[in-house]
Amino acid sequence: MTSVFDSDIARFRAILETSRRIVFFTGAGISTESGIPDFRSPGGVWDRFRPIDFGEFMASDEARRETWRRKFETDKTLRAAEPNAGHAGVARLVREGRASCVITQNIDGLHQASGVPDEQVIELHGNSTYARCLACEKRYELDPIRERFEEDGEAPVCDCGGYIKAATISFGQAMPEAAMARAQDETNACDLFVSIGSSLVVYPAAAFPAMAKRRGARLVILNRDPTDFDEIADLVLHREIGATMRHATGANA
Ligand SMILES: [Zn+2]
């Protein structure tokens, strides 16, 4: 009955099994199955609020307070989320040494939560599960910041005087150079690039599939909707991510 599906899965599994250095690239789609809304999609938070860009954050105390108010509001969803079979499949291949890393556009920390070591997660848009001082880069955990914010409503400031911000990359904020360079190196060195749950529209996501193909790597795209790179892919799966990864890798969340 589902022979097309089965043969697609068999091909995906065969491609995974015959690759020695896999790079996973993940976008919002892998985390929507964990209950995290795609903030860029219709009905998402960005429909209701005009985004506060990085320049405004730096310029205005009110913008900083509003950023933290929104942060703690959306955190309720993020904190409740757990990794799904998609994350588990990625984690299994990393653990087995067949995948060198996962490059992600997500900020939810679910790859780490599923067991991928910190140093093998390359976060292009940062991480929302902790904060950093924008001046000295000191790391801050969110719980103490939240407690203080609930008491005095003031945006947190570092001992050094710098502004503290969630460790995500805001609109208007520079891309993290070290992460970008590592992502490119990994992509150039892989023999299989698997894009999961990304529409591959936004820069820099859009640059990676072609980069991998140019170096002779195979390309697999697993995404609910078609992407602009389906044509150059060796295998395209318009499928539910968790179920597909569970069947292809045998891993369970
Ligand atoms: Zn500081």
Do the charged groups of Asp234 and Arg11 touch, with an N to O distance under 4.0 Å? no
Classify the ring geometry between His87 and His111 as parallel (under 30°), tilted (30 to 60°) or perpendicular (over 60°). perpendicular
Taking only Lys NZ, Arg NE, NH1 and NH2, and the carboxylate oxygens of Asp or Glu, determine whether Asp191 and Arg215 approach each other closer than 4.0 Å. no
Check Ser34 against Ala81 and note the closest heavy-atom contact, atom names and distance. O-CB, 3.7 Å
Between His238 and the options Asn223, Asp225, Asp230, Thr227, the side-chain hydrogen bond (donor to acceptor under 3.5 Å, both in side chains) test singles out Asp230
Can you tell if the side chain of Thr77 reaches within under 4.5 Å of the side chain of Pro37, non-hydrogen atoms only? yes
Walk me through whether Phe12 and Val194 qualify under side chain to side chain contact (heavy atoms under 4.5 Å, CB included). CA-CA 10 Å; Phe12 187 23; Val194 183; 4.1 Å; yes
So does Arg65 pair up with Glu62, basic N to acidic O under 4.0 Å? yes
Find out whether Phe24 and Ile103 are in side-chain contact, i.e. whether some heavy atom of one side chain is under 4.5 Å from a heavy atom of the other. no
Shared hydrophobic cluster, Leu235 / Val90 (ILVMFWY, side-chain heavy atoms < 4.5 Å): yes
For Glu154 versus Phe149, what's the shortest heavy-atom pair and its separation? O-CD1, 3.3 Å
Within the side chain of Ser60, is there an N or O that forms a donor-acceptor pair under 3.5 Å with the backbone of Ala63? yes
Any salt bridge between Arg69 and Glu73, counting N to O under 4.0 Å? no
Does Thr32 reach the side chain of Arg224, with side-chain heavy atoms less than 4.5 Å apart? no
Minimum heavy-atom separation for Leu124 to Ala183, with atom names? CD2-CB, 4.1 Å
Yes or no on side chain to side chain contact (heavy atoms under 4.5 Å, CB included) for Val102 and Thr26, after CA distance, side-chain angles and deciding distance? CA-CA 7 Å; Val102 50; Thr26 63; 3.9 Å; yes
Can you see whether Thr168 engages Ser128 through a side-chain donor-acceptor pair at a distance of less than 3.5 angstrom? no
Residue pair Ser114 / Ala91: nearest heavy atoms and the distance that separates them: O-CB, 3.4 Å
Checking Ile196 against Phe25 for the side chain to side chain contact (heavy atoms under 4.5 Å, CB included) test, could you report, in this order, the C-alpha distance in whole Å, the side-chain angles of both residues, the deciding distance, and whether it holds? CA-CA 6 Å; Ile196 303 178; Phe25 182 93; over 6 Å; no
Hey, does Ser195 have a side-chain heavy atom less than 4.5 Å from the side chain of Leu200? yes
Under the 6.0 Å and 45° cation-pi test, does Arg64 pair with Tyr163? yes
Would you say the side chain of Glu240 lies within less than 4.5 Å of the side chain of Glu33, judging by non-hydrogen atoms? yes
Does the plane of the ring in Trp68 sit parallel, tilted or perpendicular to the ring in Phe72? Use 30° and 60° as the thresholds. tilted
Working to the nearest 0.5 angstrom, can you tell me the gap between Cys190 SG and Phe208 CZ? 10.5 Å
Within-4.5 Å side-chain heavy-atom neighbours: Leu142 and Asp75: yes
So, does Gln184 use its side chain to make a donor-acceptor pair with the main chain of Ala181 at under 3.5 Å? no
Would you say the side chain of Arg214 lies within less than 4.5 Å of the side chain of Asn188, judging by non-hydrogen atoms? no
I would like to know whether Leu16 and Val220 meet side chain to side chain contact (heavy atoms under 4.5 Å, CB included); could you show each step before the answer? CA-CA 10 Å; Leu16 288 171; Val220 173; over 6 Å; no
I need the single residue from Arg218, Arg98, Arg21 that forms a side-chain contact (heavy atoms from CB on, under 4.5 Å) with Leu192. Which is it? Arg218
Do Met175 and Pro204 have side chains that get closer than 4.5 Å, going by heavy atoms? yes
Taking every non-hydrogen atom, the tightest pair across Ala251 and Ala88: CB-O, 3.5 Å
Leu222 CG to Ser198 OG distance, which is reported to the nearest 0.5 Å: 11.0 Å
Is there a donor-acceptor contact under 3.5 Å from the side chain of Ser31 to the main chain of Ala28? no
Electrostatic pair Arg148-Asp143, nearest N-O below 4.0 angstrom: no
So does Asn106 get a backbone contact from the side chain of Glu123, meaning a donor-acceptor N/O pair under 3.5 Å? no
State, to 0.1 Å, how close Ile164 and Val157 come at their nearest heavy-atom pair, and which atoms those are. CD1-C, 3.6 Å
Between Gln120 and Ser100, do the side chains contain a donor N or O and an acceptor N or O under 3.5 Å apart? no
Using modelled atom types only, decide if a donor and an acceptor are shared between the side chain of Arg13 and the backbone of His247 within a distance under 3.5 Å. yes
I'd like to know if the side chain of Gln173 reaches the main chain of Ser170, judged simply by a donor and an acceptor atom lying under 3.5 Å from each other, with no hydrogens or angles considered. yes
Between Arg139 and Glu137 (salt bridge meaning N to carboxylate O under 4.0 Å), is one present in this structure? no
